[in-house]
Protein chains: 2
Amino acid sequence: MDYMLQLREKGLKVTPSRLNVIKVLDSSHLAYSHSDLESLFSKMDRVTLYRILKDFEDAGIVHKIMDIDGVTRFAICKSTCPDGHHTDDHVHFNCKACHKMFCLEKVQVPHLKMPQGFKAMGLHTLIYGLCENCSGA
Amino acid sequence: MDYMLQLREKGLKVTPSRLNVIKVLDSSHLAYSHSDLESLFSKMDRVTLYRILKDFEDAGIVHKIMDIDGVTRFAICKSTCPDGHHTDDHVHFNCKACHKMFCLEKVQVPHLKMPQGFKAMGLHTLIYGLCENCSGA
DNA sequence: ATGCAAATGCAACAATGTTGCGTTTGTTAA
DNA sequence: TTAACAAACGCAACATTGTTGCATTTGCAT
């Protein structure tokens, strides 16, 4: 594992809890809710998990997004984001059936023209529908 | 006012609380948070406000969106949405400075091509940056 | 004016997220 | 290796947001 390296590079101490969280998130392109992770690591304190996710977000290791139901979710940053400032303009897909949330890194979002006076700094695109498993395709 | 008509058409009884809420929302293209409205109508019960907004959403009078900070907000539906099923695919703009949220009805979102197997049913586009007031333009 | 269903207010609860503080642990440097 | 310090952790308490049940009030149709 060079998760240890990755953590140290960001100035974060290597702890079992952090390694567990980063391992799970990095091994899929799904966005996990806090309660997903909480039940996955039942012996970890709830507050510790909040703090780990916050630290990871600040370090640019994960990004936080809202799903269609207003639940906050966390996913690994595949493309390296500059610390603190996430450039995760990629599309997120939320399945209405299984409620999983996918990062669709490859879908390109065209630039949108803003009305006079509005200065865009970034955008979040959330698509909902049926995922590959649930669409029966 | 024909807010009364609008409410009756949707099968909702006309009450002072409902008239107040619909008046505020309809008189701007801003999306209001629950706490915005709560402090605006301080004598209204918190639960009543939740229920009014829920009823309005079900009736297609308002739509609910998340802002950039994960706060749920409500805005009037300008284009008529079919009851219960919102087609509010328009863009929302969140100002990083004043935290206001605008409905940009006129910005068109191009159709995005999904990866194999993913069936899109709708999308939310949230742009953040500086609004006309805060950009100094 | 009357009656009924719908809307409201209140209390209690659940879920999610935050803060403070004492204890434990990772890391650096002797 | 060990000692020391800062960072991370666990726990308790609290804040905010949203939900549910029930008794009371109110809008509206007759």
Side-chain angles (χ1 to χ4, degrees), chain A residues 1-23 25 31-59 61-74 83 99 101, chain B residues 1-23 25 31-59 61-74 83 99 101:
Chain A
M1 320 291 168
D2 58 355
Y3 292 133
M4 301 183 47
L5 273 147
Q6 192 182 353
L7 289 175
R8 290 214 184 88
E9 269 172 21
K10 305 286 186 171
L12 298 172
K13 287 187 181 172
V14 177
T15 68
S17 299
R18 284 179 172 168
L19 285 176
N20 284 331
V21 173
I22 200 174
K23 252 182 264 180
L25 292 179
Y32 289 78
S33 73
H34 192 277
S35 75
D36 286 344
L37 297 169
E38 223 176 303
S39 48
L40 220 48
F41 309 115
S42 45
K43 37 184 179 161
M44 193 188 307
D45 191 81
R46 223 164 53 83
V47 178
T48 300
L49 183 52
Y50 276 112
R51 292 200 259 234
I52 287 177
L53 292 169
K54 177 72 164 55
D55 292 340
F56 282 8
E57 196 195 357
D58 291 345
I61 297 172
V62 303
H63 58 281
K64 177 160 84 171
I65 54 263
M66 292 291 162
D67 73 11
I68 208 76
D69 302 307
V71 177
T72 76
R73 290 178 173 270
F74 297 86
D83 294 14
H99 293 99
M101 187 180 222
Chain B
M1 317 292 167
D2 57 355
Y3 294 133
M4 300 181 48
L5 273 146
Q6 193 181 351
L7 289 175
R8 289 215 185 86
E9 271 172 19
K10 306 284 187 171
L12 298 173
K13 287 188 182 172
V14 176
T15 68
S17 299
R18 284 178 171 168
L19 285 176
N20 284 332
V21 173
I22 200 173
K23 251 181 265 180
L25 291 179
Y32 288 79
S33 73
H34 193 276
S35 75
D36 285 345
L37 297 168
E38 221 175 304
S39 47
L40 220 47
F41 309 116
S42 46
K43 37 185 179 162
M44 193 189 306
D45 191 82
R46 223 164 53 83
V47 178
T48 300
L49 183 52
Y50 275 112
R51 292 199 259 232
I52 287 177
L53 291 169
K54 177 70 163 55
D55 291 340
F56 281 9
E57 197 195 354
D58 290 346
I61 297 172
V62 303
H63 57 281
K64 177 160 83 170
I65 55 265
M66 291 290 162
D67 74 11
I68 207 78
D69 302 308
V71 177
T72 76
R73 290 177 174 271
F74 298 86
D83 295 15
H99 293 98
M101 188 180 220

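In what follows, every chain begins at residue 1, and chains take the letters A, B, ... in the order their sequences are listed. Fair warning: this is a prediction, and the values are worked out from it, not measured in the lab.
To the nearest 0.5 Å, atoms NZ (B:Lys54) and NZ (B:Lys64) are separated by 8.0 Å. Taken from CG in B:Leu25 to CZ in B:Phe56, the straight-line distance is 7.5 Å, to the nearest 0.5 Å. For the atom pair CD1 of B:Ile22 and CG of B:Leu7, the computed distance is 4.5 Å after rounding to the nearest 0.5 Å.
With a heavy-atom cut-off of 4.0 Å to chain B, the contacted part of DNA chain C has its first and last nucleotide at C:dA5 to C:dA11.
Rounded to whole Å, atom C1' of D:dT17 lies 14 Å from atom CG of B:Asp67. In this structure, CG of B:Leu37 is placed 15 Å from C1' of D:dG18, rounded to the nearest angstrom. Atom-to-atom, OH of A:Tyr50 to C1' of D:dG10 comes out at 16 Å; the value is rounded to the nearest Å. One can place CG of A:Asp55 at 8 Å from P of D:dC9, the figure rounded to the nearest angstrom. One can place CE of A:Met44 at 8 Å from P of D:dC9, the figure rounded to the nearest angstrom. When the P atom of D:dG27 is taken as reference, atom CG of B:Leu19 falls 10 Å away, rounded to whole Å. A:Arg46 places its CZ atom 11 Å from the C1' atom of D:dA12, with the value rounded to the nearest Å. Note: CZ (A:Phe41) to C1' (D:dG10) measures 17 Å, nearest angstrom.
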Under the criterion side chain to side chain contact (heavy atoms under 4.5 Å, CB included), I'd like the reasoning laid out for A:Ser17 against A:Ile52: C-alpha separation, chi angles, the key distance, then a yes or no.
CA-CA 8 Å; A:Ser17 299; A:Ile52 287 177; 3.6 Å; yes
Can you list the steps and then say if B:His99 with B:Val71 is a side chain to side chain contact (heavy atoms under 4.5 Å, CB included)?
CA-CA 11 Å; B:His99 293 98; B:Val71 177; over 6 Å; no
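Each of B:Val47 and A:Leu12 lies near DNA chain D, and the nucleotide nearest A:Leu12 is the one positioned closer to the 5' end. Both B:Ser35 and B:Pro16 lie close to DNA chain D; mapped to their nearest nucleotides by heavy-atom distance, the more 5′-ward contact belongs to B:Ser35. Of the two residues contacting DNA chain C, namely A:Met66 and B:Lys43, the nearest-nucleotide position lying further toward the 5' end is that of B:Lys43. Each of A:Arg51 and A:Glu38 lies near DNA chain C, and the nucleotide nearest A:Glu38 is the one positioned closer to the 5' end.
The minimum heavy-atom distance between A:Val47 and A:Asp45, with the atom names listed, is N-OD2, 2.9 Å.
Considering only side-chain N and O atoms, A:Arg18 lies nowhere under 4.0 angstrom from the phosphate OP1 or OP2 of D:dA7. At the phosphate of D:dG18, OP1 or OP2 sits under 4.0 Å from a side-chain N or O atom of B:Thr72.
Looking at B:Ile61, B:Asp58, B:Asp55 one by one, the single match for side-chain contact (heavy atoms from CB on, under 4.5 Å) with B:Lys10 turns out to be B:Ile61.
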